[in-house]
2 protein chains.
Amino acid sequence: MPLQKISREEMIFTSAQVFRKRGYNNTSMNDLADACGLTKGVFYHHFESKEELMKAVLHGVHLHFKTTLFALAYSDKYTPEEKLDKFLTKAQKMFSKSDGGCLMANTALETLSSLPEFAPYLREFFADWIDAMTQIYSSVYQEDKARRIAEQTVQEFEGAVMFLRIFGERRYMDEMLERAKLRLMIA
Amino acid sequence: MPLQKISREEMIFTSAQVFRKRGYNNTSMNDLADACGLTKGVFYHHFESKEELMKAVLHGVHLHFKTTLFALAYSDKYTPEEKLDKFLTKAQKMFSKSDGGCLMANTALETLSSLPEFAPYLREFFADWIDAMTQIYSSVYQEDKARRIAEQTVQEFEGAVMFLRIFGERRYMDEMLERAKLRLMIA
DNA sequence: TCAAATATACTGAACGGTTGGTAAGTATGC
DNA sequence: GCATACTTACCAACCGTTCAGTATATTTGA
């Protein structure tokens, strides 16, 4: 099928960026088609509906974070301190390089009450994120405590991303990262 | 003017609940009119546009929190520990009694990139919230440190509200409140 | 005192535009 | 020739917004 202009993966990735910036309800199928250099009819050739497309986007983004970021936590090439540092630095880059914040958090707060079918995708994403950070912190804390610290860190992370967007000051992210690293050092 | 079915304040308050649950873009003027027992034409008699209505809603909610919650931090009838406890307990009730989470956070993540005119209302709300918590923590920490802890607490709070909605477990809120109280005790 | 004039809250229909989604037809490559 | 990818045109429904008209209360003035 070399007559396809762009791959399904590219459509999903480009759609993810548009959804993150404009939100789910404020993004039309035409917006997505324009961003991909296509007409919206093509989208209905590849995806059943806007909701199914969004599910594919959420799944794709989850997979991208799983292999690119979360996997770092399970590597055995670094010390826990190095792992946490690499993890947080990479996370910060992924979230703050382009405006629009975190697609998963944006989608959660926008659609959780009106489109519950997205909920499982959001749940699994954050569960995986927490698992990854639990893995890192459990090198210093016991499983239980490590998980609670991981949950706290993810919560603070999303709060900091929101503050970064609201106030436009990157110190919220920096200070949050320092606190997360401190938690590993002063166990 | 007793010929008015419901007051402007009631329209704003009812609209706030609908916006919080359904989101800004997914709420139509008809939805708001139905919730108020009116027709949508009436809304345009009281508000210039949907965006102006939303600004009135954001301002009204801000005022409500200012007088009902934030004011607690400046009371001189309680010890700092009592103030923090009352503040957090009340905040938890206000946020978790009805589903939909926090209107301000929802609106921020949904509209910050596409409707920047709402940003000042969101900024001022969170700035006031941080100021209030800074006031409480500054009884134990010096101004600078108190403010950073206040910012951290608000970030964690919003993160916990999101987790409560995603996972449906109230322990995220409870554990967050415990951490916030601990920060005052082990200065 | 009691209409007439005025102001306000509201109704219901209509508007131009956009939405998610469909269908019929064309181009492309095996 | 035949499946796949794509274009174009289209649909009904809904969107935010407008507006002419109606109902109700208040103010006015003789």
Side-chain angles (χ1 to χ4, degrees), chain A residues 1-58 60 106-107 110-111 113-118 121, chain B residues 1-58 60 106-107 110-111 113-118 121:
Chain A
M1 52 200 97
L3 104 137
Q4 194 165 344
K5 284 186 176 179
I6 71 172
S7 71
R8 183 185 156 99
E9 277 65 35
E10 284 172 311
M11 292 173 77
I12 289 176
F13 189 76
T14 302
S15 298
Q17 292 175 287
V18 180
F19 276 132
R20 188 189 56 210
K21 199 165 188 173
R22 304 181 42 94
Y24 177 76
N25 288 297
N26 194 38
T27 299
S28 72
M29 294 301 278
N30 256 326
D31 292 334
L32 300 172
D34 287 351
C36 293
L38 301 168
T39 57
K40 73 172 169 175
V42 189
F43 269 82
Y44 285 94
H45 182 70
H46 293 281
F47 305 95
E48 267 191 14
S49 64
K50 188 187 179 187
E51 292 186 6
E52 288 304 316
L53 164 63
M54 186 54 155
K55 289 180 191 172
V57 165
L58 295 176
N106 295 357
T107 306
E110 183 184 354
T111 71
S113 296
S114 48
L115 289 163
E117 24 176 342
F118 296 157
Y121 297 88
Chain B
M1 51 198 100
L3 109 132
Q4 193 164 347
K5 285 187 176 178
I6 71 172
S7 70
R8 182 186 157 96
E9 276 67 35
E10 284 172 311
M11 292 173 78
I12 290 176
F13 189 75
T14 302
S15 298
Q17 293 176 287
V18 180
F19 276 133
R20 188 189 55 210
K21 200 165 187 174
R22 303 180 43 93
Y24 177 75
N25 288 297
N26 194 38
T27 298
S28 72
M29 295 300 278
N30 255 327
D31 293 334
L32 300 172
D34 287 350
C36 293
L38 301 167
T39 57
K40 67 176 168 176
V42 189
F43 270 83
Y44 286 91
H45 182 72
H46 295 280
F47 305 95
E48 267 192 15
S49 64
K50 189 187 178 186
E51 292 186 6
E52 289 303 317
L53 164 62
M54 186 53 156
K55 289 180 191 173
V57 166
L58 295 176
N106 295 357
T107 306
E110 183 184 352
T111 71
S113 296
S114 48
L115 290 163
E117 24 176 343
F118 296 157
Y121 297 87

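These figures come from a predicted structure and were not determined experimentally.
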| Reckon T27(B) touches a base, only the sugar-phosphate, or nothing at all at heavy-atom distances under 4.0 Å? |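 Sugar-phosphate, backbone atoms only, no base.
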Rounded distance in Å - [atom1] ([X]) to [atom2] ([N]):
X	N	atom1	atom2	result
E52(B)	dG16(D)	CD	P	15 Å
F43(B)	dA9(C)	CZ	P	14 Å
L53(B)	dT17(D)	CG	C1'	13 Å
M29(B)	dT19(C)	CE	C1'	18 Å
I6(A)	dT7(D)	CD1	P	11 Å
E51(B)	dC15(D)	CD	P	17 Å
M54(B)	dC15(D)	CE	P	16 Å
K40(A)	dC10(D)	NZ	P	14 Å

| task | Decide yes or no on side chain to side chain contact (heavy atoms under 4.5 Å, CB included) for M29(A) and L53(A), but give the supporting numbers first. | result | CA-CA 10 Å; M29(A) 294 301 278; L53(A) 164 63; 4.3 Å; yes
| said: For dG21(C), does the base pair up with any side-chain atom of K50(A) as donor and acceptor (N or O, under 3.5 Å, distance only)? | reply: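 There is none.
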| said: Test side chain to side chain contact (heavy atoms under 4.5 Å, CB included) on I12(A) and F47(A); report intermediate values, then the result. | reply: CA-CA 10 Å; I12(A) 289 176; F47(A) 305 95; 3.9 Å; yes
Less than 4.0 angstrom between a side-chain N/O of [X] and OP1 or OP2 of [N], yes or no?
X	N	value
Y44(A)	dT22(C)	no
H46(B)	dC10(C)	yes
S28(A)	dT19(C)	yes
H45(A)	dC6(D)	no
T39(B)	dC10(C)	no

| said: With rounding to the nearest 0.5 angstrom, report the OG to CD distance, S15(A) to E10(A). | reply: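 If I round to the nearest 0.5 Å, the distance is 11.0 Å.
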| field | Six-ring centre of F43(B), K50(B) cation under 6.0 angstrom, axis tolerance 45° | value |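 Output no; distance or angle outside limits.
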| With no hydrogens and no angle check, do the side chains of E110(B) and N25(B) hold a donor and an acceptor under 3.5 Å apart? |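 There is such a pair between these side chains.
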| More 5' along DNA chain C: N30(A) or E48(A), using each one's nearest nucleotide? |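 Looking at the nearest nucleotide for each, N30(A) comes out on the 5' side.
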| Choosing from dG21(C), dC10(C), dT7(D), which nucleotide comes nearest the side chain of S49(A)? |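 In terms of side-chain proximity for S49(A), the closest of dG21(C), dC10(C), dT7(D) is dG21(C).
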